[in-house]
Amino acid sequence: MERLLNIEATSYCNANCSMCPRECVKDYGYISLQTIDDLIEKIKKYSLYEISISGRGEPTLHPQLIEIINKLRKLKTTISVVTTTDGLNLHNYKEIVDSLDMLRVSVSSIDETVFKKIHKGLDYEKIWCNINNLVEYNPKKLYIHLVGGKETYSALEQTVKFFKNHDVDNIYLFPLWNRGGNIETQENLELRKRLVKEYGINYSEDEYLPDEKIKMLKNPNYCPIGDTSIAVNFHGEMMGCFQDFENITKICNVFDDNDFITDRTKVLKKMPVCKKCNSYNQVRK
Ligand SMILES: C[S@@+](CC[C@H](N)C(=O)[O-])C[C@H]1O[C@@H](n2cnc3c(N)ncnc32)[C@H](O)[C@@H]1O
Ligand code: SF4
């Protein structure tokens with residue numbers, strides 16, 4: 001099976017988004033180029049459909065992001081960065097877009113009041129200036145992650161309109177996850193379904209979870225979300241799940257001589273972080 005590799009460039013972030021359990025993050029740092037080299041050696045025998053540079057922090061704050069992307073090219077698969085665009089500016093955005101296959105932009109709203117409520121700590125003017133530059137420069141490389149949950153729905157139509165008017169085809173409505181049990185989420189799944197249809201956008205899980213894995217959600221002892229992804233943090237440790245913001249489910253690290261995937265599959269759905277995790281239910285349509 002092909003998997004998504006989620007690499008944490010850094011656990012640092014300037015923001016404190018309403019849905020993100022930043023308070024759980026206790027370890028801070030940046031991934032080193034040596035760890036990237038070790039990871040490449042370790043991971044090259046596995047089949048990956050995408051490497052997503054994301055993790056618990058903001059990847060564009062890593063000063064060597066371009067070098068990391070260039071090294072990962074050895075793995076010959078699609079490379080993306082998940083970002084609010086906080087670390088982008090007039091000098092670096094073109095080089096970063098050019099180095100990637102996809103730039104996954106997390107955004108809550110075009111409405112300033114909604115944006116400031118969700119993306120706390122981020123500068124609305126700066127982020128939307130970056131987004132304007134990105135849609136002008138290369139809309140086809142952009143994948144828009146509409147995040148923040150039901151509070152963003154009041155201005156969802158305008159937000160979607162902005163991207164559609166700029167020829168962005170890939171727009172996904174994200175669910176709200178209870179990452180590690182610290183976020184209270186009460187999402188109306190019917191409403192989400194209606195909005196996806198009404199605005200002609202997509203569910204995020206349509207992109208990330210193959211149909212056969214969605215069917216396996218019926219099995220309470222199997223977690224397709226964990227199984228289809230591999231998460232490596234900035235230390236070079238493989239985490240039990242990318243939802244583990246406290247980093248308490250380390251399975252092994254890139255320097256060990258063990259089997260990444262087998263070791264982790266054994267613990268999926270059985271880790272402390274799984275107990276209150278609602279990802280499982282939130283991805284049901
Ligand atoms: C943790 S962030 C890291 C990358 C970057 N800082 C960003 O915000 O795009 C990765 C993604 O998770 C999303 N996210 C954060 N908390 C979430 C939650 N509780 N449920 C669903 N998605 C969430 C973010 O909006 C972002 O799209
Ligand atoms: S969602 Fe991303 S930008 Fe927001 S606080 Fe979490 S890591 Fe930072």
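Counting begins at 1 with the first residue of the sequence. Both counts, for ligands and for their atoms, begin at 1 and track the order of listing.
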Notebook entry, point to check: With sequence neighbours excluded, what pairs up with His235 under the side chain to side chain donor-acceptor pair (under 3.5 Å) test?
Noted result: Asp27

Next item on the list: Find all atoms of ligand 2 within a distance of less than 4.0 Å from any non-hydrogen atom belonging to Arg22, and give their numbers and elements.
Entry: 5 (S), 6 (Fe)

Checklist line | Set of residues satisfying salt bridge (charged side-chain N to carboxylate O under 4.0 Å, His left out) with respect to Glu8, sequence neighbours excluded | finding: Arg56

Next item on the list: Assess whether side chain to side chain donor-acceptor pair (under 3.5 Å) is satisfied between Asn132 and Glu136, documenting all intermediate values.
Entry: CA-CA 6 Å; Asn132 270 292; Glu136 291 295 330; over 6 Å; no

Checklist line | Numbered atoms and elements of ligand 2 in range of Cys13, under 4.0 angstrom, heavy atoms | finding: 3 (S), 5 (S), 7 (S), 8 (Fe)

Check: Is the shortest distance from a Lys or Arg side-chain nitrogen in Lys26 or Glu246 to a carboxylate oxygen in the other one below 4.0 Å?
Finding: no

Check: With Thr83, which of His145, Glu58, Arg104 fulfils side-chain contact (heavy atoms from CB on, under 4.5 Å)?
Finding: Glu58

Next item on the list: Mark up the atoms of ligand 1 that fall under 4.0 Å of a heavy atom belonging to Val82, in ascending order.
Entry: 4 (C), 5 (C), 9 (O), 27 (O)

Notebook entry, point to check: Do any heavy atoms of Phe245 fall under 4.0 Å from ligand 1?
Noted result: yes

Next item on the list: Give the atoms of ligand 1, by number and element, whose distance to some non-hydrogen atom of Val147 is under 4.0 Å.
Entry: 25 (O), 27 (O)

Notebook entry, point to check: Counting each atom of ligand 1 from 1 as listed, which ones have a heavy atom of Pro175 under 4.0 Å away?
Noted result: 20 (N), 21 (C)

Checklist line | Ion pair Asp37/Lys71, N-O distance below 4.0 Å | finding: yes

Checklist line | Sub-4.0 Å heavy-atom approach of Gly149 to ligand 1 | finding: no

Note to self: Contact between ligand 1 and Ser54 is defined here as a heavy atom of the residue under 4.0 Å from a ligand atom; is it met?
What the structure shows: yes

Notebook entry, point to check: Looking at Cys20, which atoms of ligand 1 are within less than 4.0 Å of one of its heavy atoms?
Noted result: 16 (N)

Next item on the list: Give the atoms of ligand 1, by number and element, whose distance to some non-hydrogen atom of Thr83 is under 4.0 Å.
Entry: 9 (O)

Notebook entry, point to check: Which word best sums up how the rings of Tyr172 and Tyr143 line up, parallel for under 30°, tilted for 30 to 60°, or perpendicular for over 60°?
Noted result: parallel

Item checked: Nearest option to atom 4 (C) of ligand 1, as decided by whichever heavy atom of Gly57, Gly55, Ser106 sits closest -> Gly57

Check: Would you say the side-chain atoms of Ser11 pair up with the backbone N or O of Gly29, donor to acceptor, closer than 3.5 Å?
Finding: yes

Checklist line | Contact partition for Cys17 relative to ligand 2, non-hydrogen atoms under 4.0 Å | finding: both

Check: In terms of atom number and element, which parts of ligand 2 are under 4.0 angstrom from non-hydrogen atoms of Thr84?
Finding: 3 (S)

Next item on the list: Give the minimum heavy-atom separation between Met19 and Leu176, together with the two atoms involved.
Entry: CB-CD2, 3.4 Å

Margin query: Less than 4.5 Å apart, side chain to side chain, heavy atoms only: is that true for Val232 and Asn6?
Written below: no

Notebook entry, point to check: Based purely on interatomic distance, does Glu58 place a nitrogen or oxygen under 3.5 Å from a nitrogen or oxygen of ligand 1?
Noted result: yes

Check: Would you say Arg56 contacts ligand 2, with heavy atoms under 4.0 Å as the rule?
Finding: yes

Checklist line | Per atom 19 (N) of ligand 1, closest listed option by heavy atom (His119, Arg104, Met19, Arg22) | finding: Met19

